[in-house]
Structure formats: C-alpha cells, structure tokens
S.K.: 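Before I ask anything, here is the structure I am working with.
Counting starts at 1 for both ligands and their atoms, in listed order.
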Amino acid sequence: MRKPIIAGNWKMFKTVSEAAAFFADVKGKAEIDGVEAVICAPFTTLPALVEAAKGTTIAIGAQNLHFEDNGAFTGEISGVMLKDLGVQYVIIGHSERRAYFAESDEIVNKKVHAAFKHGLTPIVCVGEKLEEREADQTKDVCKVQTEAAFQGISAAQAVQVVIAYEPIWAIGTGKSSTSADAEDVIAYIRSVVAGLYDAATAEAVRIQYGGSVKPNNVAEYLGQPNIDGALVGGASLEAASFIQLVEGAK
Ligand SMILES: O=C(CO)COP(=O)(O)O
C-alpha cells in the first residue's frame with residue numbers, strides 16, 4: 001500500500017517568522033494517520049521548521065540542492081548541508097527550475113544521486129509544456145524526463161522516490177488537469193518505471209499530481225488509483241488550506 005503524500009511547495013514565499021507562525025497553526029491538525037504531510041520551504045526557514053517539526057509527523061523538505069557536496073558554487077546549497085539540518089525531502093527538477101535556472105535532465109539526475117548520497121528523499125518533478133500537450137507529446141516528454149531522472153538509480157532507491165507529475169500549463173493558473181487526464185498520464189509514468197525496473201518497483205513508487213490542486217479538488221485526484229498525493233503551491237501557503245489538503249487525502 002502506498003501512503004498518500006501531500007507536499008506543500010512554498011516556492012519563494014515566507015520569512016522565518018511567517019514560517020514559524022504557519023507551523024504553529026498546522027501542528028497537530030495536519031498530522032493525520034495514514035497521510036504523510038511535507039512542507040518544502042525556502043532554505044532560510046528550514047532550521048526553524050526542522051526544529052518546530054521535531055516530535056511531529058510533519059516532514060520538512062527543501063526545494064532544490066546542488067549536486068556537489070561543496071565547492072566554489074556561489075549561492076548554492078548542498079545535500080550535505082540539508083542533511084546536517086535534519087531536512088528529509090528535497091524537490092528536484094521543478095519546472096520553474098528547469099525553465100528559469102536551465103536545469104537539464106542530466107542535472108536533475110545528478111541531483112537525484114546527490115539526494116540519495118545524503119539520505120534525502122527526492123520529489124522528482126516531470127511534466128509537459130502547453131505546446132507539448134497540444135502536440136500530443138505529453139507522454140513522450142514524461143517518459144524522457146522520468147527515464148533520465150532514474151539513470152543509475154537502483155531499484156532499492158527507486159522505490160523511495162516520489163514523482164510529481166506537474167503539467168506546466170496547470171501550475172499557478174487555476175487550470176488544473178482533469179483527474180482522469182492526470183490519472184492517465186500518471187499510470188503511464190508508472191509503466192515507464194516498470195519498464196526501467198519491474199512491476200513491483202513501479203507499484204511501490206508514489207506519484208503525485210501537481211498543478212492548481214486546492215482543498216476542493218484534492219480528494220478527486222487522490223481517489224484515482226494511480227495518484228498517491230499532491231504537490232501543492234499556492235494552496236499550501238495558508239495553514240487552514242494546508243490542513244484541508246492533508247485531510248482531503250485521507
Ligand atoms: O508548482 C506547483 C507545486 O510544485 C503547483 O503550484 P500551484 O499549486 O500553485 O498550481
């Protein structure tokens with residue numbers, strides 16, 4: 001049985017005091033048996049959040065890492081540093097990083113390796129652009145991105161990966177994919193993982209949908225057989241909404 005996982009991706013939002021206030025509001029309430037709740041927050045807020053999350057079931061994640069452990073990479077943060085803080089998850093290859101920071105499939109793969117090297121669980125994002133969807137290339141794009149991300153990753157590691165299928169045209173637009181369309185692509189991504197490994201590995205991997213997920217549509221996505229959770233941007237920023245998202249995944 002795959003445990004549902006709701007991950008908030010705060011993107012570039014919240015100061016330390018705002019993050020602390022949010023956590024105080026969700027503590028106890030976003031802790032629901034049978035659902036994993038994760039908050040992926042800006043680097044500056046991670047020490048306070050990790051501290052606040054001690055003794056709770058809420059996990060804390062970063063939104064990026066560099067693939068090297070250390071070195072002359074001005075402005076970057078490594079897996080060593082995240083592990084040292086007590087961070088558990090890291091988002092890798094979000095479409096905003098691919099688009100604005102030139103992250104290639106090869107870099108994404110290096111980052112997945114770096115995450116495992118330091119005991120961090122990667123949330124690997126894949127998904128198509130609007131023009132790719134319109135050209136009927138959605139599945140091809142997801143296949144290429146998924147296969148590249150898993151290069152050199154063992155089956156024992158692969159079962160720990162969380163994949164987030166985020167159609168780019170659905171991010172922050174209010175235009176979410178229908179649950180049937182998301183299910184269709186996610187089932188396909190699972191078959192790609194089966195092709196790389198085997199059926200049992202593919203059955204174990206958790207695959208989230210992301211893109212304009214809200215408290216009022218989360219249950220519909222989670223009701224699909226292959227959708228194991230959601231990666232949520234805007235609706236994860238308010239405590240009340242985040243709690244409803246976690247409740248909706250029950
Ligand atoms: O990019 C996303 C999560 O990583 C989705 O963002 P929204 O939920 O704001 O559409």
Side-chain angles (χ1 to χ4, degrees), residues 4-14 18-19 22 26 30 35-43 45-46 49 58-65 87-101 103 108 111-112 115 120-130 132-133 138 141-142 145-146 149 161-179 181-182 185-186 189 206-222 224 227-249:
I5 176 167
I6 298 294
N9 173 11
W10 282 358
K11 308 192 179 183
M12 197 170 69
F13 291 98
K14 293 196 192 293
E18 287 166 349
F22 175 100
V26 301
V35 182
E36 200 168 345
V38 184
I39 298 168
C40 298
F43 290 131
T45 64
L46 292 175
L49 285 171
I58 301 170
I60 304 302
Q63 300 169 15
N64 183 31
L65 84 173
V87 166
Q88 289 172 260
Y89 283 86
V90 60
I91 297 173
I92 296 175
H94 191 280
S95 59
E96 287 151 15
R97 297 227 43 101
R98 292 179 191 255
Y100 308 141
F101 303 96
E103 280 193 15
V108 168
K111 290 184 174 192
V112 174
L120 301 163
T121 301
I123 300 176
V124 177
C125 301
V126 300
E128 82 285 0
K129 300 184 185 120
L130 182 59
E132 292 165 338
R133 163 146 301 222
T138 297
V141 168
C142 291
Q145 291 179 344
T146 302
V161 174
V162 177
I163 300 173
Y165 166 59
E166 299 204 308
I168 296 169
W169 49 270
I171 294 176
T173 58
K175 286 188 213 151
S176 50
S177 176
T178 66
S179 57
D181 277 354
V185 179
I186 287 175
I189 293 170
R206 292 184 294 177
I207 310 182
Q208 300 172 310
Y209 167 73
S212 298
V213 175
K214 309 287 175 206
N216 67 5
N217 63 16
V218 67
E220 196 184 327
Y221 290 110
L222 272 286
Q224 300 291 324
I227 304 183
D228 306 314
L231 182 59
V232 188
S236 74
L237 289 168
E238 296 293 331
S241 167
F242 184 70
I243 293 163
Q244 286 169 27
L245 289 163
V246 178
E247 285 172 346

S.K.: Can you report which non-hydrogen protein atom sits closest to atom 8 (O) of ligand 1, along with the distance?
M.R.: Gly233 N, 2.9 Å

S.K.: If you measure from each non-hydrogen atom of Leu231 to ligand 1, which part falls under 4.0 Å: side chain, backbone, both or neither?
M.R.: both

S.K.: Taking the side chain as C-beta and beyond, is there a heavy-atom pair between Ile91 and Arg97 under 4.5 Å?
M.R.: no

S.K.: Under the 3.5 angstrom rule, does the side chain of Thr138 hit a backbone N or O of Glu128 as a donor-acceptor pair?
M.R.: no

S.K.: How far is atom 9 (O) of ligand 1 from the closest protein heavy atom, and which atom is that?
M.R.: Gly234 N, 2.8 Å

S.K.: Please check if atom CD in Glu238 has more than 12 non-hydrogen atoms from other residues, nucleotides or ligands closer than 6.0 Å.
M.R.: no

S.K.: I'd like the name of whichever of Lys214, Gln208, Glu166, Lys175 reaches closest to atom 3 (C) of ligand 1 through any heavy atom.
M.R.: Glu166

S.K.: Check whether any side-chain heavy atom of Phe22 sits under 4.5 Å from a side-chain heavy atom of Thr45, and report yes or no.
M.R.: no

S.K.: Determine, using heavy atoms of Gly172 and all atoms of ligand 1, whether some pair is separated by less than 4.0 Å.
M.R.: yes

S.K.: Evaluate the ring planes of Tyr209 and Tyr221, with Trp represented by its six-membered ring, and classify them as parallel (under 30°), tilted (30 to 60°) or perpendicular (over 60°).
M.R.: parallel

S.K.: Is there a heavy atom of Ala170 sitting under 4.0 angstrom from any atom of ligand 1?
M.R.: yes

S.K.: Counting only heavy atoms, which portion of Cys125 has something under 4.0 Å from ligand 1: side chain, backbone, both, or neither?
M.R.: neither

S.K.: When you compare the side chain of Lys14 with that of Leu49, does any pair of heavy atoms fall below 4.5 Å?
M.R.: no

S.K.: If the contact criterion is a heavy-atom separation under 4.0 Å, does Gly211 count as touching ligand 1?
M.R.: yes

S.K.: Evaluate Asn9 for polar contact with ligand 1, using N/O atom pairs at a separation under 3.5 Å.
M.R.: yes

S.K.: So do the side chains of Arg206 and Thr121 get within less than 4.5 Å of each other, counting heavy atoms only?
M.R.: no

